[in-house]
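Report on the structure given below.
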Amino acid sequence: YESILSLGFFKNSKYFEEKVEVESKEGIPIVLNMKSPISNYKIEFYEKTVEDFWLDRFNGNPDRIIKVIRTKSSKFYSIFIILGMVALSLLLVFITIRTLLYNRLVQINFLVFIGILLLVLPALRNTQPGIPTLGVLSDYLSFFWVEGLATVTLIILTLKLHFQKEKYLE
């Protein structure tokens with residue numbers, strides 16, 4: 001974020017010197033202009049009421065509320081990515097259960113697909129707009145679960161393939 005702090009009293013140094021010599025309880029005029037270079041976030045400023053503002057100026061705490069939220073389009077895209085990853089993991093679980101219940105042969109192609117999916121899922125996760133490193137809410141909602149399910153299905157199907165080959169070699 002870029003912020004510009006403008007102190008209006010520095011333009012006239014005599015005014016500043018007079019204000020320092022005279023001990024008064026007048027506040028310093030400050031203008032804070034903020035703009036976000038990231039288009040995925042919406043910034044809103046909330047001001048306190050005038051009564052609270054004057055009380056805080058004398059205490060030295062001119063609080064302002066700055067609310068930073070994601071735009072609706074970036075939220076929609078993030079939810080779309082989350083639902084896509086969950087759908088992929090449910091598909092993997094469904095195919096694994098079907099393979100185990102009906103005692104079907106494990107295809108090497110499917111094991112390769114799961115292995116590649118384990119490598120592609122972090123890149124798919126990083127396509128969400130403005131997402132930081134691992135550990136945010138969307139990771140706990142979907143990414144860690146999807147990675148875990150994909151890993152478990154890969155291990156289960158690899159073990160089934162191993163025992164399946166031993167069975168057919170005898």
Side-chain angles (χ1 to χ4, degrees), residues 1-6 30-49 52-53 56 59 61-170:
Y1 294 100
E2 177 184 342
S3 64
I4 301 167
L5 185 61
S6 172
I30 295 177
V31 177
L32 178 64
N33 297 324
M34 291 185 70
K35 55 185 173 181
S36 171
I38 304 171
S39 62
N40 297 327
Y41 291 101
K42 179 178 162 185
I43 299 177
E44 295 178 359
F45 296 95
Y46 297 103
E47 294 187 11
K48 289 185 172 185
T49 60
D52 291 342
F53 176 73
D56 285 343
N59 296 333
N61 298 321
D63 293 333
R64 294 294 165 258
I65 300 170
I66 301 172
K67 185 178 180 184
V68 180
I69 57 173
R70 285 185 173 195
T71 58
K72 290 181 182 177
S73 60
S74 65
K75 285 182 186 177
F76 173 76
Y77 187 71
S78 291
I79 290 171
F80 178 75
I81 294 295
I82 288 171
L83 292 177
M85 289 193 299
V86 169
L88 276 173
S89 68
L90 292 178
L91 180 70
L92 293 178
V93 170
F94 174 72
I95 291 173
T96 303
I97 290 173
R98 187 172 174 218
T99 304
L100 293 175
L101 286 179
Y102 295 119
N103 201 18
R104 296 186 180 240
L105 296 175
V106 177
Q107 302 292 325
I108 298 292
N109 298 338
F110 188 62
L111 292 177
V112 171
F113 170 71
I114 297 174
I116 291 173
L117 189 64
L118 283 172
L119 297 174
V120 169
L121 281 174
L124 183 63
R125 176 224 175 255
N126 289 335
T127 61
Q128 296 180 32
I131 193 163
T133 57
L134 287 173
V136 295
L137 180 63
S138 66
D139 293 335
Y140 290 104
L141 292 177
S142 66
F143 179 69
F144 295 145
W145 293 102
V146 171
E147 282 280 326
L149 286 175
T151 305
V152 167
T153 56
L154 182 64
I155 291 170
I156 289 172
L157 290 178
T158 304
L159 289 174
K160 179 163 177 25
L161 177 69
H162 174 71
F163 292 119
Q164 170 181 304
K165 280 188 175 182
E166 285 182 354
K167 180 178 161 185
Y168 286 112
L169 287 177
E170 291 177 356

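In this text the structure is predicted, and so the values were computed from the model without any measurement. All values below come from the heavy atoms of this structure, side chains included, with hydrogens, waters and symmetry mates left out.
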request  = Go through the steps to decide whether Thr127 and Leu124 satisfy the test side chain to side chain contact (heavy atoms under 4.5 Å, CB included), and finish with yes or no.
outcome  = CA-CA 5 Å; Thr127 61; Leu124 183 63; 4.3 Å; yes
Between [X] and [Y], what is the shortest heavy-atom contact and its length?
X: Arg70; Y: Pro129; result: NH2-O, 3.3 Å
X: Ser138; Y: Gln128; result: OG-OE1, 3.6 Å
X: Asn103; Y: Lys160; result: OD1-NZ, 3.1 Å

Name every donor-acceptor pair, under 3.5 Å, that has one atom in a side chain of residues 86-98 and the other anywhere in the protein, sequence neighbours excluded.
residue : atom : partner : partner atom : Å
Ser89   : OG   : Val86   : O            : 2.8
Thr96   : OG1  : Leu92   : O            : 2.8

Which distance, rounded to the nearest 0.5 Å, do you find between the [atom1] of [X] and the [atom2] of [Y]?
X: Ile155; Y: Leu111; atom1: CD1; atom2: CG; value: 11.5 Å
X: Ser73; Y: Phe76; atom1: OG; atom2: CZ; value: 10.0 Å
X: Thr151; Y: Ile114; atom1: OG1; atom2: CD1; value: 9.5 Å
X: Leu159; Y: Leu154; atom1: CG; atom2: CG; value: 9.5 Å
X: Leu117; Y: Met85; atom1: CG; atom2: CE; value: 10.0 Å

query = Got a sec, which pairs hit ring-ring contact (aromatic ring centres under 6.0 Å, His included) with one end in residues 121-155, sequence neighbours left out?
reply =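 Listed by first then second residue: Tyr140-Phe144.
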query = Within the side chain of Thr153, is there an N or O that forms a donor-acceptor pair under 3.5 Å with the backbone of Ala150?
reply =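 Indeed, once roles are kept as given, a pair shorter than 3.5 Å links the two residues.
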inquiry  = For Arg125, run the side-chain contact (heavy atoms from CB on, under 4.5 Å) check against Val146, Leu134, Ile81 and tell me which one passes.
reply    =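 Passing option: Leu134.
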query = Is there a side chain to side chain contact (heavy atoms under 4.5 Å, CB included) between Gln107 and Thr99 once you walk through the steps?
reply = CA-CA 10 Å; Gln107 302 292 325; Thr99 304; over 6 Å; no
